[in-house]
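Throughout, a chain's letter reflects where its sequence line sits, starting with A, and its residues are numbered from 1. In this text, all values refer to a predicted model and were calculated from it rather than measured experimentally.
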Amino acid sequence: MADASSGTLSLRHRLAERGIDGVTLLIVPAALFVVLLFVYPFAYGFLLSFAPAKGGWLENYRRFFDDPYMYRTIWYTLRLAIPVTLLNIAISVPIAMQVRHLRRQKLLTTILVLPITLGTVLVAEGLLSYLGPQGWLNRALMLFGMIDRPIRLVHNYWGVFISLVITGFPFTFLLTLSMISGLDPALEQAAATLGARSRQRFAKIVLPLIVPGLAVTFCLAFVDAFSVFPSAVMLGAPAGETRVISLAASQAAFEQYDYSYASAIAMIMAVVQLCFVGLVLLARGLFYKGPLGGGKG
Amino acid sequence: MKMDNALDKLWKTLVWAFMVFFVLNVIAMIAVVAVNSFGTRWLGTWLPAGYTLRWYKSAWKEFQLSDVLLVTFQIAGAVVLLSALIGVPAAYAMARRNFPGKSLVMLLFLLPLLVPPITFGVPLATVLYKYGLAGTMSGVIIANLVPTVPFTVILMMPFVEQIDSRVEAAARVFGANTWQLFLHVLVPLLAPGILAASLLSMVRTVSMFELTFLTAGPSSQTLVVALYYSVFAAGVRAGQSIDAMAVIYMLSTLIWLVVALRFVNPTQIVGRAKKSRTA
């Protein structure tokens with residue numbers, strides 16, 4: 001009896017020494033929740049995608065890659081997501097470099113967080129009238145004599161492109177800003193004392209320090225842009241040049257009720273995203289070898 | 001040297017000009033929705049011919065907004081409450097304990113935030129349909145909890161780390177058990193963090209289109225999904241009443257954001273996931 005109790009006590013003690021006690025168990029509900037509702041559905045969808053209603057186990061994937069209407073969605077989505085993400089990163093860096101010196105940043109960042117908060121459906125609804133042939137943008141451009149007649153910016157590629165800049169740029173900008181503000185100012189001051197001009201300081205000091213963070217930002221922004229959905233339907237040409245892959249997945253699920261096929265498309269989507277993220281992180285590894293959170297002084 | 005200075009100035013001006021242009025576009029995009037919702041007739045001019053409130057009345061009736069709003073806030077309320085109940089204790093344990101496999105658990109919490117909702121939404125909806133939960137309010141609540149629970153955990157961790165652990169030790173010395181410690185010491189100290197996490201979960205749920213769209217049925221649609229469907233009924237419904245609904249949606253999202261911004265920095269809203277990833 002005494003032995004048994006001292007046995008459990010020592011087990012408890014040993015567990016506590018490794019950091020497992022009553023408090024650690026508080027993680028269990030949250031972790032279990034994520035496993036049940038994130039990991040399990042993913043695994044279930046993965047298996048389901050190999051169990052089509054008819055045909056062999058690879059039938060869904062064969063169907064997808066045999067049908068140009070389906071496999072082209074990958075290309076249509078990449079054609080939107082890659083240029084948008086590159087553009088968003090390219091404009092975020094110079095602007096963040098300037099804005100970090102701004103004393104009243106909060107007003108600017110609050111305005112920028114609006115499109116993220118309001119979400120793509122509202123941005124698409126607003127842009128639908130704003131970019132339309134009678135919209136304020138076309139009117140302003142005509143007023144300044146930059147165009148003769150309204151240019152077509154909705155129900156095509158550019159409508160979706162602009163909506164992805166409106167929601168994507170604030171996201172990459174705020175991440176870049178927090179990264180650049182986190183750099184130790186002494187590094188740049190030292191370079192300035194030694195006579196480096198601002199462009200040299202950027203190229204030789206700031207850029208190498210933020211490249212690893214930019215790569216992660218690039219991945220996050222790309223994955224976000226690649227899953228574009230409501231704005232591609234509302235602002236684009238969902239039957240043509242902006243038939244994105246998420247639309248194909250949701251149509252398979254809710255118009256054809258073919259969950260097995262829809263899961264296969266979702267898996268293809270995840271694989272494309274994963275491949276891209278892998279490539280970016282691999283490229284980063286080639287250019288940068290060092291601690292991840294570098295530059296914090 | 002002079003040339004360089006002039007170039008620097010030009011570059012600075014360009015950068016600021018772009019920023020101003022972008023902000024103007026964002027404001028105009030929001031303003032156009034608001035102006036249209038109050039306008040009588042708006043064809044081929046800068047501003048509508050006159051102003052009226054009748055679109056709000058018709059939108060309220062046509063889109064059954066009182067029902068939709070009730071559903072939206074029931075769902076958001078349940079999501080906020082449950083994600084705080086599940087997420088805050090987990091955040092506390094994650095911040096205070098080191099245990100083997102902790103980085104794996106961290107990855108588990110980061111994944112639902114990094115994977116876009118539409119990618120995991122399709123298999124999640126499939127599972128919810130299998131168990132007959134999709135199309136119901138509880139299905140929508142469960143789907144929305146998938147990103148908000150990890151979000152709460154990750155957002156709350158630094159708030160817990162700020163608390164001096166000697167305060168907890170003192171409470172323990174005076175005989176408080178874990179439950180009392182939570183209720184009388186931690187919850188009051190964590191209140192600003194819990195409030196921020198709840199408000200941001202609220203914003204996230206009200207504006208979450210993808211997951212709600214994939215799991216909602218006709219009686220469990222939130223405002224943003226109803227807005228999406230109404231845009232496709234644009235031939236039948238007046239554009240102005242759709243925009244009136246959009247304005248109501250904006251207000252129901254932005255109220256929480258404005259309050260939340262008193263507790264967190266806007267960069268934190270997007271920055272949290274990344275920071276903890278590189279840390």
Side-chain angles (χ1 to χ4, degrees), chain A residues 18-20 22-24 26-27 29-31 33-34 37-38 41-42 44-45 48 91 94-95 98 109-111 113-115 117-122 125-127 129-130 134 136 139 166 171 174-175 177-178 198 213 216 223-224 227 229-230 234 246 249 253 259 262-263 266 269-270 292-293, chain B residues 8 12 15 18-19 23 26 28-30 32-33 36 44 46 86-87 89-90 92-94 96-100 105 108-109 111-112 116 118-120 122-124 126-127 142 146 149-150 153 178 203 207 209-210 224 227-228 231 246 249-250 253 257 261 266-267 269-271 274 277-279:
Chain A
R18 304 195 62 185
I20 297 171
V23 172
T24 320
L26 292 173
I27 297 173
F33 181 85
V34 177
L37 290 155
F38 181 82
F42 231 106
Y44 179 81
L48 187 69
I91 52 185
I95 293 179
Q98 300 290 329
T109 45
T110 305
I111 294 175
V113 91
L114 283 183
T117 314
L118 292 173
T120 39
V121 174
L122 191 106
E125 167 68 11
L127 288 180
S129 10
Y130 177 65
Q134 294 289 334
W136 283 344
R139 285 185 163 278
I166 296 270
F171 179 77
L174 292 175
L175 284 180
L177 182 65
S178 71
S198 67
V216 175
V223 163
D224 218 46
S227 61
F229 178 46
M234 293 163 74
S246 47
Y259 292 113
S263 299
M269 206 162 127
L292 268 181
Chain B
D8 268 3
K12 252 185 200 165
V15 167
F18 177 84
M19 195 72 222
V23 167
V26 168
M29 176 204 87
I30 294 169
V32 81
V33 173
N36 194 31
W46 280 95
I86 305 173
Y92 174 75
M94 287 294 283
R96 283 286 189 251
R97 291 288 183 275
N98 273 315
F99 53 91
V105 178
L108 192 68
F109 288 136
L111 274 178
I118 196 99
T119 312
F120 68 81
V122 173
L124 176 65
T126 308
V127 167
I142 290 173
V146 174
V149 166
V153 175
T178 305
V203 171
S207 65
F209 170 76
E210 285 89 350
V224 65
L227 181 66
Y228 175 80
V231 174
Y249 162 73
M250 281 200 271
T253 321
L257 180 73
L261 285 179
T267 42
I269 297 175
V270 294
K274 208 228 103 216
R277 199 182 176 195
T278 45

Can you say whether B:Leu124 sits under 4.5 Å from chain A via the side chain, the backbone, both, or neither, judging by heavy atoms?
both
Between A:Ala30, A:Ala253, A:Pro29, A:Ala270, which residue shows the highest count of heavy-atom pairs closer than 4.5 Å to chain B?
A:Ala30
Could you measure the distance from the CZ atom of A:Phe38 to the CZ atom of B:Phe109? Nearest 0.5 Å is fine.
12.5 Å
Quick one: which of A:Asp224, A:Leu48, A:Ile111, A:Ile95 has the most heavy-atom pairs under 4.5 Å with chain B, could you say?
A:Ile95
For each of B:Thr119, B:Ile86, B:Asn98, tally heavy-atom pairs with chain A at distances under 4.5 Å, and name the one with the top tally.
B:Thr119
Choice from A:Glu125, A:Arg139, A:Met234, A:Gln98 maximising heavy atom contacts with chain B below 4.5 Å
A:Arg139
Looking at every non-hydrogen atom in both residues, tell me the closest pair between B:Pro123 and A:Pro41 and how far apart they are.
CB-O, 3.3 Å
Applying a strict 4.5 Å limit to non-hydrogen atoms, the region of B:Asn36 in contact with chain A is neither
Toward chain B, the part of A:Ser198 with a non-hydrogen atom under 4.5 Å
side chain
For B:Trp46, is there any backbone N or O sitting under 3.5 Å from a side-chain donor or acceptor partner on A:Trp136?
yes
Verify, without hydrogens or angle tests, whether B:Ser207 (side chain) and A:Thr117 (backbone) share a donor-acceptor contact under 3.5 angstrom.
yes
Under 4.5 Å to a heavy atom of chain A? For B:Phe120 that would be both
Side chain from CB out, backbone as N, CA, C, O: work out which of these in B:Val122 comes under 4.5 Å of a heavy atom of chain A, or both, or neither.
side chain
Given the options B:Val224, B:Ile142, B:Val146, which has more heavy-atom pairs under 4.5 Å with chain A than any of the others?
B:Val146
Does the side chain of A:Leu122 reach to within under 4.5 Å of the side chain of B:Thr253, using non-hydrogen atoms?
no
First locate atom CG of A:Leu114, then atom CD1 of B:Ile30, and finally report the distance between them rounded to the nearest 0.5 Å.
5.0 Å
Side chains of B:Val33 and A:Tyr130, heavy atoms from C-beta outward: is any pair under 4.5 Å?
no
How many angstroms lie between CD1 in B:Ile118 and CZ in A:Phe229, if you round to the nearest 0.5 Å?
5.0 Å
Out of A:Gly45, A:Ser263, A:Pro94, A:Ser129, return the one with the most heavy atom pairs under 4.5 angstrom to chain B.
A:Pro94
Below 4.5 Å from any heavy atom of chain A, which atoms of B:Val15 appear? Answer side chain, backbone, both or neither.
both
Contacting moiety of A:Val34, where chain B heavy atoms sit under 4.5 Å:
side chain
Identify the two heavy atoms, one from B:Leu108 and one from A:Ala31, that lie closest to each other, and give their separation to 0.1 Å.
CD2-O, 3.8 Å
Working to the nearest 0.5 Å, report the span between CE of B:Met29 and CG of A:Leu118.
6.5 Å
Below 4.5 Å from any heavy atom of chain A, which atoms of B:Val149 appear? Answer side chain, backbone, both or neither.
side chain
Do the side chains of A:Ile27 and B:Val153 get nearer than 4.5 Å, heavy atoms only?
no
B:Pro150 versus chain A, heavy atoms under 4.5 Å apart: side chain, backbone, both or neither?
side chain
